Protein chains: 2
Amino acid sequence: MKPTTRKEEIIFQASQLFKEKGFSAVTMRDIAQLMGMKAASLYNHIEGKQEILSILILDLAKGFTSGMREIEQMKISPLQKIEKLIELHIDITVNQSEALASLNNDWMHLEDQDLEEFVRMREDYEEHFRNIIKEGISVGQIQPRHPEVILFSILSTLRTLYLWYQKRGKLDVNILKRDMVAVLLRGII
Amino acid sequence: MKPTTRKEEIIFQASQLFKEKGFSAVTMRDIAQLMGMKAASLYNHIEGKQEILSILILDLAKGFTSGMREIEQMKISPLQKIEKLIELHIDITVNQSEALASLNNDWMHLEDQDLEEFVRMREDYEEHFRNIIKEGISVGQIQPRHPEVILFSILSTLRTLYLWYQKRGKLDVNILKRDMVAVLLRGII
DNA sequence: ACAACTAACTAACAAACGTTAGTTTTGTAT
DNA sequence: ATACAAAACTAACGTTTGTTAGTTAGTTGT
């Protein structure tokens, strides 16, 4: 995800700051300094601070939505779909961990239609995930526990993976996928 | 955790706002309005905005630290200690979900010694947790997978439980404990 | 050579920020 | 009633905030 245009570069650098301090604590002057320019110059490329957040979060949310749609259409078992979803999250984490931080922590600072659109997409995503779990239970592939507990347990681990992935010196993605699938599906004992 | 003094009430109300919008996006005037007073009046009771954050986070972190110490001294197996830790997190989540949100999301806005103290406490906590997992592996109670993956998977679920607990209409704590222990330890299949 | 465009700049704005100082109100004990 | 302390108030401060306006330097196309 190397930025090509100047606008993309601004958004990328901003995402680094957002990840560290959160959207509200980052100023346009902070972003400008990282870009090696003055704050006012940023406005030659972007509409404002809100647009940066909006692009960061909504683009990523669309990535999750389209990933979910692809996996749902595959002719594989519910359990295999969950494995694919775990891999989807890991791939996105590895490639876009900064935007993921904003999506997790700063989505509530989106405004108006952007906020509405995000909340709708997130609810849709969770609903589809939940249905896959329910189907897995009904075909006997998954233990008959409350789907909500299972959904939350998996999702919260995947959603905060970005906090942990970088700290542990970028271990191999394929090994990570294998271990995460094992721990999340089969437990630890 | 019902606030008794006026100072505690301010901190409690502030924590509600911090949970919703994050420390940086909440103003002293926001807090004052929720308290039904003017911003300047807050300073009759507290030193400043930083003190609120500091008390919220460090008090809670000490709660985790002392909980960990108690569990470590118990004469029970590593696996039983992990169960106790899961229950500790759930108890704290149920009783102090607002402070937990600040601890998770706004710790980086602590200053100087407060920041140092928090980071030290968190590292200690994780280290002790990791050692219990390692001991569980070495006595054959826990699958011989990378302790880091296990630690992260459990901790990230427990740490974000506060986001999920309230949404699902306050289900019974004991049922929650039972299901969480089951999912986290035995997996879902 | 000249026009057009791009992307930086300086300067400044109005609003909002955390906080301080000094004053007034309120409740309580003598 | 008087004195005192607690807790609210008004007014203002110096900064910082996101953003706008107008200008300037460098590049490109004709």
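This structure is a prediction, so every number in the text was calculated from the model and none was measured. Here is how names work: the chains are called A, B, and so on, in the same order as the sequence lines, proteins then strands, and each is numbered from 1. Just the heavy atoms: all of them, side chains too, but no hydrogens, waters or symmetry mates, feed the values below.
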ask   = Between Met68(B) and Glu126(B), does a side-chain contact (heavy atoms from CB on, under 4.5 Å) hold up when you go through it step by step?
value = CA-CA 10 Å; Met68(B) 171 66 84; Glu126(B) 290 181 3; over 6 Å; no
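- Within residues 108-117 of chain B, no residue has any heavy atom under 4.0 Å from DNA chain D.
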task = For Arg6(B) and Glu9(B), run salt bridge (charged side-chain N to carboxylate O under 4.0 Å, His left out): C-alpha distance rounded to whole Å, both residues' side-chain angles, the deciding distance at 0.1 Å, then the answer.
result = CA-CA 5 Å; Arg6(B) 207 89 175 103; Glu9(B) 201 178 337; 3.1 Å; yes
task = List the steps and the verdict of side-chain contact (heavy atoms from CB on, under 4.5 Å) for Glu135(A) and Ile142(A).
result = CA-CA 9 Å; Glu135(A) 209 185 317; Ile142(A) 294 178; over 6 Å; no
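- Residues satisfying the salt bridge (charged side-chain N to carboxylate O under 4.0 Å, His left out) criterion with Asp91(A), sequence neighbours excluded, are Lys177(A).
- Every pair passing ring pair (Phe, Tyr, Trp, His ring centres under 6.0 Å) that includes a residue from residues 135-157 of chain B is listed here, sequence neighbours excluded: Trp164(A)-Phe152(B).
- With sequence neighbours excluded, the residues forming a ring-ring contact (aromatic ring centres under 6.0 Å, His included) with Phe64(A) are His89(A), Tyr125(A), listed by chain and number.
- Partners of Lys38(A) by salt bridge (charged side-chain N to carboxylate O under 4.0 Å, His left out), not counting sequence neighbours: none found.
- Nucleotide dA7(D) holds its P atom 11 Å from the CD atom of Glu9(B), rounded to whole Å.
- Here Lys7(A) pairs with Glu51(A) under the side chain to side chain donor-acceptor pair (under 3.5 Å) rule; sequence neighbours left out.
- For the segment residues 16-23 of chain B, no residue has any heavy atom less than 4.0 angstrom from an atom of DNA chain D.
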message = One character per nucleotide, please: for nucleotides 22-29 of chain D, 5' to 3', B when the base has a protein heavy atom closer than 4.0 Å, S when only the sugar-phosphate does, - otherwise.
response = --------
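- Partners of Arg130(B) according to the salt bridge (charged side-chain N to carboxylate O under 4.0 Å, His left out) rule, which considers only residues two or more places apart in sequence or in another chain, are Glu127(B), Glu148(B).
- A search for side chain to side chain donor-acceptor pair (under 3.5 Å) contacts involving Thr65(A) returns nothing, not counting sequence neighbours.
- Ile92(B) and Ile175(B) are assigned to two separate hydrophobic clusters, defined by single-linkage of ILVMFWY side chains at heavy-atom distances under 4.5 Å.
- Rounding to whole angstrom units, CD of residue Glu51(A) and C1' of dG18(D) are separated by 14 Å.
- The distance from the CZ atom of Arg122(A) to the CD1 atom of Ile57(A) is 10.5 Å, given to the nearest 0.5 Å.
- Scanning for salt bridge (charged side-chain N to carboxylate O under 4.0 Å, His left out) contacts around Lys81(A) gives an empty result, with sequence neighbours left out.
- Using a 4.0 Å cut-off on heavy atoms, the residues of residues 27-43 of chain A that approach DNA chain C are Arg29(A), Met37(A), Lys38(A), Ala40(A), Ser41(A), listed by number.
- A close approach under 4.0 Å does occur between a side-chain nitrogen or oxygen of His45(B) and OP1 or OP2 of dA8(D).
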